[in-house]
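Read through the structure below, which is laid out as structure tokens, and then see the notes.
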Amino acid sequence: CLFRIRGMTTNRDGARRELIHARASSLIIRCFFDRYNELGYGHLEPIYRRGLEILLKECGLQVDRGFPIPVMFRGAQIGFHRCDLLVERSIIVELKATELLPSHCERQVRNYLKGLKKDLGFVLQFGPKPTFIPVVIVAARETIPPIPEIPKIRNLQYLARRASLA
């Protein structure tokens with residue numbers, strides 16, 4: 001293995017913090033580089049996805065390909081997305097096989113994380129240079145407060161006249 005991740009990292013203030021889902025995260029990144037080193041650059045995304053899925057399963061991880069993510073609006077499901085891989089039912093992995101990484105990739109993974117109420121995802125780019133971007137949502141399991149209702153204004157003419165007199 002050419003790449004190694006430490007289980008602990010330090011913040012700027014020197015405080016130690018745990019790597020989220022340390023074992024699975026380390027295996028995902030290791031398998032990503034192994035797959036890239038073996039296949040190189042230039043294949044389509046499904047080729048990398050199937051290869052990465054095989055490696056992750058060989059490492060003993062549970063992998064779901066094309067896992068559905070519901071999109072909710074006011075309590076009703078209005079559609080769904082599919083993430084490339086869901087590892088151990090806790091980490092979303094989105095693969096890109098492009099020369100340049102589109103700017104919306106992190107936002108896409110954040111939406112997936114919110115939809116599944118998960119806290120960790122990765123964008124893995126199989127480009128000319130292999131790149132991985134961890135995407136973390138700290139408060140993934142907190143509920144989003146409801147939007148407060150705007151009070152109804154009954155008499156707009158009265159309010160406009162009153163404002164002009166003031």
Side-chain angles (χ1 to χ4, degrees), residues 5 9 11-12 15 17-29 31-32 44-57 59-127 130-166:
I5 291 184
T9 57
N11 291 337
R12 290 182 186 168
R17 59 187 167 103
E18 288 285 330
L19 182 64
I20 300 173
H21 309 292
R23 178 181 176 276
S25 296
S26 297
L27 288 171
I28 289 168
I29 296 167
C31 290
F32 163 62
L44 295 175
E45 189 177 300
I47 302 298
Y48 293 114
R49 184 173 41 243
R50 288 185 197 121
L52 187 60
E53 180 184 8
I54 289 168
L55 282 179
L56 292 171
K57 285 181 176 179
C59 290
L61 296 176
Q62 178 187 357
V63 181
D64 295 304
R65 184 173 8 123
F67 193 84
I69 302 166
V71 178
M72 305 300 285
F73 179 74
R74 295 187 178 179
Q77 182 176 340
I78 59 172
F80 66 94
H81 297 291
R82 290 193 179 275
C83 64
D84 287 338
L85 300 173
L86 182 63
V87 180
E88 294 289 298
R89 295 283 171 135
S90 59
I91 303 172
I92 293 173
V93 177
E94 188 64 25
L95 285 80
K96 300 296 176 191
T98 58
E99 190 170 333
L100 299 173
L101 194 59
S103 60
H104 70 277
C105 293
E106 284 184 63
R107 187 173 56 246
Q108 178 185 8
V109 173
R110 282 186 196 287
N111 287 333
Y112 291 174
L113 290 170
K114 289 176 186 175
L116 289 177
K117 294 180 176 57
K118 303 295 180 192
D119 52 9
L120 179 63
F122 287 102
V123 177
L124 305 178
Q125 182 194 16
F126 289 89
T131 307
F132 73 93
I133 301 170
V135 180
V136 179
I137 294 184
V138 177
R141 288 175 177 80
E142 293 179 11
T143 58
I144 300 171
I147 298 171
E149 230 177 275
I150 299 171
K152 294 180 181 174
I153 300 173
R154 298 196 188 276
N155 192 342
L156 292 177
Q157 291 175 346
Y158 168 76
L159 291 175
R161 198 170 354 138
R162 189 171 173 197
S164 66
L165 295 175

For [X] and [Y], work out which heavy atoms get closest and say how close.
X	Y	answer
Gly121	Ile91	CA-CG2, 4.4 Å
Leu55	Cys31	CD1-O, 3.5 Å
Ala97	Glu45	CB-N, 3.8 Å
Phe132	Ile29	CE1-CD1, 3.6 Å
Gln125	Thr98	NE2-O, 2.9 Å
Glu94	Tyr112	OE1-CE1, 3.3 Å

Worked check of side-chain contact (heavy atoms from CB on, under 4.5 Å) between Leu56 and Val87
CA-CA 8 Å; Leu56 292 171; Val87 180; 3.9 Å; yes
Could you tell me whether the side chain of [Y] reaches within less than 4.5 Å of the side chain of [X], counting heavy atoms only?
X	Y	answer
Asn111	His81	no
Ile69	Phe80	no
Ile133	Leu101	yes
Val93	Leu95	yes

Geometric class of the Phe126/Tyr48 ring pair [parallel <30°, tilted 30-60°, perpendicular >60°]:
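Rings of Tyr48 and Phe126: parallel, as their planes differ by under 30°.
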Qualifying side-chain hydrogen bond (donor to acceptor under 3.5 Å, both in side chains) pairs, either residue in residues 61-74, two or more places apart:
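The answer is Glu53-Arg65, Asp64-Arg89.
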Stepwise side-chain contact (heavy atoms from CB on, under 4.5 Å) test for Phe32 and Leu124
CA-CA 7 Å; Phe32 163 62; Leu124 305 178; 3.8 Å; yes
In Å, rounded to the nearest 0.5 Å, how long is the span from CD1 of Ile47 to CG of Leu52?
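The CD1 atom of Ile47 sits 13.0 Å away from the CG atom of Leu52.
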Rounded to the nearest 0.5 Å, what separation is found between the CD1 atom of Ile92 and the CD1 atom of Ile28?
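So the CD1 of Ile92 and the CD1 of Ile28 are separated by 11.0 Å.
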Pick one: which of Lys96, Arg50, Arg49 meets salt bridge (charged side-chain N to carboxylate O under 4.0 Å, His left out) with Asp84?
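Single salt bridge (charged side-chain N to carboxylate O under 4.0 Å, His left out) partner of Asp84 among Lys96, Arg50, Arg49: Arg49.
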Assess whether side-chain contact (heavy atoms from CB on, under 4.5 Å) is satisfied between Met72 and Ile78, documenting all intermediate values.
CA-CA 6 Å; Met72 305 300 285; Ile78 59 172; over 6 Å; no
With Val135, the side-chain contact (heavy atoms from CB on, under 4.5 Å) member among Leu113, Leu120, Asp119:
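Result for side-chain contact (heavy atoms from CB on, under 4.5 Å) with Val135: Leu113.
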Ignoring hydrogens and geometry, is there a side-chain-to-backbone donor-acceptor pair from Gln108 to Cys83 under 3.5 Å?
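Flag not set: sc Gln108 to bb Cys83 has no pair under 3.5 Å.
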